[in-house]
Number of protein chains: 4
Amino acid sequence: MSFNTFGRVFRFSTWGESHGPAIGAMVDGCPPGLPLSEADIQPFLDKRKPGTSKFTTQRREPDEVRILSGVFEGRTTGTPISLMIENKDQRSKDYSEVAKAYRPGHADYAYDAKYGFRDYRGGGRSSARETASRVAAGAVARLVIPDVDIFAYVSEIGGDAIDHARFDASEIDNNPFFCPDPEAAKRWEKLVDDARKDGSSLGAVVECIASGVPAGWGAPLYAKLDSELAAAMMSINAVKGVEIGDGFAAARLRGEENADPMRPNAEGGKDGNPVFLANHAGGIAGGISTGQPVKVRIAFKPTSSILIPVETVTREGAASEIITKGRHDPCVGIRGVPVVEAMMALVLADQKLLHRAQCGAD
Amino acid sequence: MSFNTFGRVFRFSTWGESHGPAIGAMVDGCPPGLPLSEADIQPFLDKRKPGTSKFTTQRREPDEVRILSGVFEGRTTGTPISLMIENKDQRSKDYSEVAKAYRPGHADYAYDAKYGFRDYRGGGRSSARETASRVAAGAVARLVIPDVDIFAYVSEIGGDAIDHARFDASEIDNNPFFCPDPEAAKRWEKLVDDARKDGSSLGAVVECIASGVPAGWGAPLYAKLDSELAAAMMSINAVKGVEIGDGFAAARLRGEENADPMRPNAEGGKDGNPVFLANHAGGIAGGISTGQPVKVRIAFKPTSSILIPVETVTREGAASEIITKGRHDPCVGIRGVPVVEAMMALVLADQKLLHRAQCGAD
Amino acid sequence: MSFNTFGRVFRFSTWGESHGPAIGAMVDGCPPGLPLSEADIQPFLDKRKPGTSKFTTQRREPDEVRILSGVFEGRTTGTPISLMIENKDQRSKDYSEVAKAYRPGHADYAYDAKYGFRDYRGGGRSSARETASRVAAGAVARLVIPDVDIFAYVSEIGGDAIDHARFDASEIDNNPFFCPDPEAAKRWEKLVDDARKDGSSLGAVVECIASGVPAGWGAPLYAKLDSELAAAMMSINAVKGVEIGDGFAAARLRGEENADPMRPNAEGGKDGNPVFLANHAGGIAGGISTGQPVKVRIAFKPTSSILIPVETVTREGAASEIITKGRHDPCVGIRGVPVVEAMMALVLADQKLLHRAQCGAD
Amino acid sequence: MSFNTFGRVFRFSTWGESHGPAIGAMVDGCPPGLPLSEADIQPFLDKRKPGTSKFTTQRREPDEVRILSGVFEGRTTGTPISLMIENKDQRSKDYSEVAKAYRPGHADYAYDAKYGFRDYRGGGRSSARETASRVAAGAVARLVIPDVDIFAYVSEIGGDAIDHARFDASEIDNNPFFCPDPEAAKRWEKLVDDARKDGSSLGAVVECIASGVPAGWGAPLYAKLDSELAAAMMSINAVKGVEIGDGFAAARLRGEENADPMRPNAEGGKDGNPVFLANHAGGIAGGISTGQPVKVRIAFKPTSSILIPVETVTREGAASEIITKGRHDPCVGIRGVPVVEAMMALVLADQKLLHRAQCGAD
């Protein structure tokens, strides 16, 4: 069922609201014996942390994680790993107006329609603050798949895309946008800052690549690797689209263009595996990994919290308009990068164990 | 866990291979007392049935469904509904070459890598024939959500898109492409036929709309309605991308453009609900339906079975090339339309019951 | 959720009613490459088959199983295994009276209360006929745990227990009661026959032992091996009690009596494991197998279908009395033996794969 | 999958070790709008709390619960409820010997066999301390089923049973044994105290009754109410047997004795339901509640932690013997009472929501 749980073998559940005392995650099904301490998790949280530049929300959260269970003498025990992050900088006064009227684009109206009432402080459970729990859980997941290398980056903001010819992975951490194209990063400074000053917001596209995934992960039919990735990414706040490999562009190719031809191992394959001459498929065929890099593209809508007034209704149904004061990300896709990476790690760790369960090997 | 099961409350499982004696689905968790007979299911199977035009595979399957359990005196009993469709026109001789070498773009290599061997006849379990089981299950799901109207159509083939200004829902069933734009349908005749004659194939984009979904369906956080739809659609053969509402286009909008403003019920709402002035969100906010139409866009890659030779390797790893003889769809996205509709129905039926479970109302 | 599915990795689902056209099971998550044909399943169904002696129901069912999917060239493919058994000897006329009034001890009233109506023919879904599907699935499960030896027997009928001092496993298949004590078997002939002639029925206790289970299977806390076994056994028709090891008798021991002392491997252990000097625990500690034989005891109530009139009410709520004509087992516990064995195999196969998933070894 | 999660719609997960910083539970799927504060949970924890008499462990734990999420303005929001209890009185020095050798009857050896190593401090995850998390979650479950009255009591200690003729529910809280028979309670004082002084321990039988459960809860076939209860109870530390209604005694009855005859509503039924003249079935038929009180009996083995030396082996496999110093319950079944009640509440809350999901009514 799992309202707030994701995964099949390596499972994680998250809890907590934006302005409650704490948020957290429980990781279950983690293999025993893996070295784990807070220091393995904190760097990923720091990468996602708010308040690090003017291009993200000014909420200041140290986001310090505590491991409350599941680790003994520095190693995982195979029992649930409880992770907790205290909320420190919640300022509920900022959200008084939100209690009365619905913010278009936000979950406000939908939560009210579903549950009859809602924790309106900072979006409550629907706040992107929840993604810190995912990032913490994702750091544990990475330990399960040490041979897999995962990285994500922003490839487009507000319709302004990077030039893949200038792609340089080493640039990703050199700018506040996780941008692999230094020229695009420069352009985005003004673009995002202008939007911020306008009280507006911008959408973004994030791309994520996992290399080192062996052929054979993914469980047909309804636990396909691409299906799981789509669910994982679409569950992130503000995500409206997911592509595997060429995605929608594949719909414009002919069969012979879209096929990823194979060549014998002797022509440069690793570990006895054949070589692929292209990767339109994004490393997945029939829902199972092929040994090529797994590639996912994710669309983030512009942040719905803006300072420009939008027409809305009050809880009582009266006409109104609303601006969302408070501290917000002008482009929520930027801080989506570590979240996307975490979800990739969580899906792959789970699929590795699921494959092992049925097929007896990693 | 559910390797071959989908859903949380209203669940379905499918079984069967392209060239085995039969395929089928088991629907579990269906509410009791719903009128159901084979006649409620058959029309949907007929819509998906192969061999109805030169634009689909020439395999001839009557696809007659039998209900083996779960119905008594014409009504569902609340116990599992077993649905079976016999395979009639399997011709295994067509696939002898596939046993030896991998078809690029197909699941052949991935299945071998995962399981050590595979049923190579017609793609075995990875064949799109499995989707007939989904369509049968989907017909049952529709009974659970009688107030929801679901329809899908092809909006683009081989990069040639419909003109939404000419959109006419009544045209969808008037052409072999499920195309709502009669002019596009005319162009596609030649387009698809040319690809077929070339031994090539084309990709397609399918759009699906569900209206009549009340606000409140969808269970945050990891059973969000959009997350479930993404998983459902991405599990369909050949699908490489999923968008909710504006999808990737939303990433190019500013916050104030993307917000769907709300107006009081007095201005034209139904059932006391507010009016939305736009639907960029595709009817879902925070993972929960808003009462607007739910909109999904799905990218189908071109069929991987083509008559144009592609470089590949044999099971023994030797260089080879392969053409896929047999009977194939030149554009698998066309027959994806009833499958997409079925998955939409299956997700919505499930979410309706899930919502009822927690919140006590439909 | 799984209304009609059991298991976590190795999962099976059953469908079908007593008087429908067929019953069946779908096994999902089975490892690939295991040799499997109908001949591997049929002997277990034959053991459970009705009509083999005057001590079981006279319904005549060949119970021939057909494998509809998941097997290719004689081996499991890793995809769902669909098993079907046609119903041949349903005689619905026997059950006309049951449509009108509730049989005490049966599920009739409860099903009506839950679902609003029910398939009353032979108990519909609540019939013990469903257990044939379990037995078929259990035969597949045995292939997953080839080193585990499972056997069950009846240890008590109508309060008349075997003498464990006379226990002889080779006797179990020499009498129609699966009784390991030939003297008890002799007594039971008259006991059961008398009950049958009286139109009454008797309860029974079944014991099941699985040897060869390695230490380490069972997943704390809520997938404990003993918890899974309890759920599995209690789900069988007519079962009202389950004990692991000494069960209720353990509640009468002191701590030092109940402890199973351990001795070094040198004193007779296998595979480097320590020796246990007793097995009060039934081979399970903390929900995990210890390497000792796993022992379960199961109480079956007397068959509720009897020819002695019992007070009841009609569907309309009027006072009535009812006798259950038709063909019934005078002691349903007897045919419970192969069902108990099947459930043991199903739980152990599942736990083996679950252990492998998390801990990476069998 | 759910290693550490229980339930289908109303689900709870627990985490934490005996000597870690804290333990906790996450409740998911709880309906929104229920009034909830720590004060609703604390009394149940106090009932289970150690150190309240000389008949329980002398570990002193305030067991104060904190609600970290899922409640806003005093009501549940429908999002996960995170409950945390800090460990205050862990004294790890007591357990040094346990690190080296296995305590027979404990999970020590099994955990090592499964995971390769273990948190030996106070039993780590296998400690009965985990049951405090269940009790906290159970208090929330009770809010979901306000019309159901649940109580449990000890009916037998060390083989000395209560006299049901003297049963007086109002006595249960008047003695440290949760004993409804004041004379038995008197006898048990000496019995348990003697065992304690001997450094030994005693087993116990607990009975639990839930009245007010309507007919129709329980989901056949593999989510049957009795099957769920068996799994729930057997998952509690030290439990070795579970009976529904007459349990094993039913195996000694004849069919006509075991039937629970029904009479028309006019003869004293409630809410239009028929009257049952007996309750051998324990309120469950075909896995579904009948409207009668649900009755479960549970066998607790004697505490395995005793001061009497038992033969064992060290982690290195050498012969040894062990006594378990530290603070232990001489009869762990006593404190099992609130745990059994909690598990009953958790199963019933879940089944209520599951029934509502499928059948649309409570």
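Here is how names work: the chains are called A, B, and so on, in the same order as the sequence lines, proteins then strands, and each is numbered from 1. None of these values were measured; they are calculated from a predicted model.
- Between B/Cys30 and D/Gln358, the shortest heavy-atom contact is O-NE2, 2.8 Å.
- Shown here is D/Arg66, whose CZ atom has no more than 12 heavy atoms of other residues, nucleotides or ligands within 6.0 Å.
- With a 4.5 Å cut-off on non-hydrogen atoms, D/Pro220 does not touch chain B at all.
- Pairing each heavy atom of D/Ala357 with each of B/Leu353, the nearest pair is O-CD2, 3.4 Å.
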